[in-house]
2 protein chains.
Amino acid sequence: MAKNTKSVAAKTDPRLSERDFERIARALAEPRRVDILKAIGSKDTPTPCAALLEVQKVSPATMSHHLKELETACLIDVVRDGRCVNLSLRRDVLQAYLDRLAKI
Amino acid sequence: MAKNTKSVAAKTDPRLSERDFERIARALAEPRRVDILKAIGSKDTPTPCAALLEVQKVSPATMSHHLKELETACLIDVVRDGRCVNLSLRRDVLQAYLDRLAKI
DNA sequence: CACATAGTTCGATGGTTATCATAATATCGA
DNA sequence: TCGATATTATGATAACCATCGAACTATGTG
């Protein structure tokens, strides 16, 4: 997982590779993942995975799958804290994606 | 096809329904369709379908399929002129999608 | 009318993926 | 250490979708 994370540059002004760009587009193509992003982005503090499960009606396995997709697309940061996992939105990456699309 | 086209408001400041939003996201998830959009958007004048086929290495059937997806997502306007079909990018819809994503 | 040209539709095929149940892993508290 | 909690990995299933060839429609040209 670290392999793909590295393909996006540092937190400020990330340059998206073609692969990053495609991954982000595919990640955003699933409404459920957009909902998850919205939930994560609505708070300033990292969102616990468990909190997402209370809102989204999916199994933990499915949630884990979606979170991995979002992480692979570099759209979220994933930080483990004991048993819990906290998610935060990478607004810089989202913005980089929007900037790229706007150039069409 | 007209049914879905109507769900997007007039050319200025289109309001995207949830369905529109999801359709656009799915349309953009396919790199080939993004390439097609780029080609269409790179000119100020409508792009003939045949011109796209010269660049994109897909069969006419596949091209037709992708164009339909883009049209259904309201991302392009399709105008028939005799035997030819001319495509133009709906920048207002693309921008509406970007605006919506930026609110996450 | 006969033929060519430009796209579309249909059906089939192979690949991708969303979903879940179950099992596994990891961490914390008693 | 034992059991509970949180998440992840695995394997299976079903739905979705990109692609193409072949048949079809519509339009222009001789």
Side-chain angles (χ1 to χ4, degrees), chain A residues 1-5 18-19 21-40 45-73 75-88, chain B residues 1-5 18-19 21-40 45-73 75-88:
Chain A
M1 61 198 77
K3 185 179 60 179
N4 298 318
T5 302
E18 200 57 36
R19 174 179 289 176
F21 182 74
E22 294 175 9
R23 250 197 260 270
I24 292 172
R26 265 184 284 125
L28 295 175
E30 188 63 29
R32 172 145 283 137
R33 285 194 285 258
V34 176
D35 288 342
I36 292 172
L37 281 185
K38 280 183 195 167
I40 294 176
T45 145
T47 306
C49 174
L52 294 176
L53 280 171
E54 290 171 8
V55 181
Q56 304 283 325
K57 292 173 182 174
V58 290
S59 69
T62 300
M63 177 62 74
S64 184
H65 163 68
H66 285 311
L67 291 178
K68 197 202 292 183
E69 290 293 310
L70 290 171
E71 184 191 16
T72 303
L75 283 168
I76 60 173
D77 272 338
V78 179
V79 174
R80 246 214 139 84
D81 179 26
R83 284 178 296 189
C84 301
V85 163
N86 294 315
L87 301 319
S88 49
Chain B
M1 63 196 75
K3 185 179 57 177
N4 297 318
T5 302
E18 200 57 37
R19 175 181 286 176
F21 183 73
E22 295 176 9
R23 252 196 258 269
I24 293 172
R26 285 192 189 282
L28 295 175
E30 188 63 28
R32 173 145 280 139
R33 286 195 285 259
V34 175
D35 287 342
I36 292 173
L37 281 186
K38 279 183 197 169
I40 295 176
T45 146
T47 307
C49 175
L52 294 176
L53 280 170
E54 289 171 6
V55 181
Q56 302 283 324
K57 292 174 182 172
V58 290
S59 69
T62 300
M63 178 62 74
S64 186
H65 162 69
H66 285 312
L67 292 179
K68 196 201 294 181
E69 290 293 310
L70 291 172
E71 185 191 16
T72 302
L75 282 168
I76 60 174
D77 272 338
V78 178
V79 174
R80 251 216 134 81
D81 179 25
R83 284 179 298 190
C84 299
V85 162
N86 294 315
L87 301 320
S88 49

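These figures come from a predicted structure and were not determined experimentally. Chain letters run A, B, ... following the sequence lines, proteins first and then strands; every chain starts at 1.
- A:L87 has its CG atom 9 Å from the P atom of D:dT7, to the nearest Å.
- Between B:L75 atom CG and B:L87 atom CG the span is 11.5 Å, to the nearest 0.5 Å.
- Close to C:dT16, at under 4.0 Å from its OP1 or OP2, lies no side-chain N or O of A:R26.
- Partner A:I76 forms a side chain to side chain contact (heavy atoms under 4.5 Å, CB included) with one of A:T47, A:I36, A:L70, A:N86 and no other, that one being A:L70.
- Rounded to an integer number of Å, the gap from CZ of B:R33 to P of D:dC17 is 8 Å.
- Distance A:H66 NE2 to C:dC20 P: 8 Å, rounded to the nearest Å.
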Filtered N/O pairs between nucleotides 25-30 of chain C and protein, under 3.5 Å:
none

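- If you measure from atom CD1 of B:I76 to atom P of C:dG7, you get 12 Å, rounded to the nearest angstrom.
- For C:dG7, neither phosphate oxygen OP1 nor OP2 lies less than 4.0 angstrom from any side-chain nitrogen or oxygen of B:K68.
- In terms of the side chain to side chain donor-acceptor pair (under 3.5 Å) criterion, A:R26 has no residue partners (sequence neighbours excluded).
- The structure places OG of B:S64 at 6.5 Å from NZ of B:K68, a figure rounded to the nearest 0.5 Å.
- A:I40 contributes atom CD1, which lies 11.0 Å from atom CG of A:D35 (distance to the nearest 0.5 angstrom).
- With sequence neighbours excluded, no residue forms a side chain to side chain contact (heavy atoms under 4.5 Å, CB included) with A:V55.
- Remark: side-chain polar atoms of A:R80 are not paired, donor with acceptor, to backbone N or O of A:V85 under 3.5 angstrom.
- One atom, CD of A:E69, and another, P of D:dA9, lie 12 Å apart when rounded to the nearest Å.
- If you check residues 52-65 of chain B against DNA chain D, the residues with a heavy atom closer than 4.0 Å are B:V58, B:S59, B:A61, B:T62, B:H65, listed by number.
- The residue from A:Q56, A:R32, A:E71 that alone fulfils the side chain to side chain contact (heavy atoms under 4.5 Å, CB included) condition with A:H66 is A:R32.
- Put simply, CD on A:E30 is 9 Å from C1' on C:dT17, counting in whole angstrom units.
- When the salt bridge (charged side-chain N to carboxylate O under 4.0 Å, His left out) test is applied to A:E18, the partners found at least two apart in sequence or on another chain are A:R100.
- The shortest distance between side-chain heavy atoms of B:R33 and B:L28 does not fall below 4.5 Å.
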Report task. Any chance you could encode DNA chain D as dot-bracket? Rule is Watson-Crick or G-U wobble with both distances under 3.5 Å; [ ] for pairs crossing earlier ones, | for another strand. Result -> ||||||||||||||||||||||||||||||
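- A heavy-atom distance below 4.5 Å is not found between the side chains of B:S88 and B:V79.
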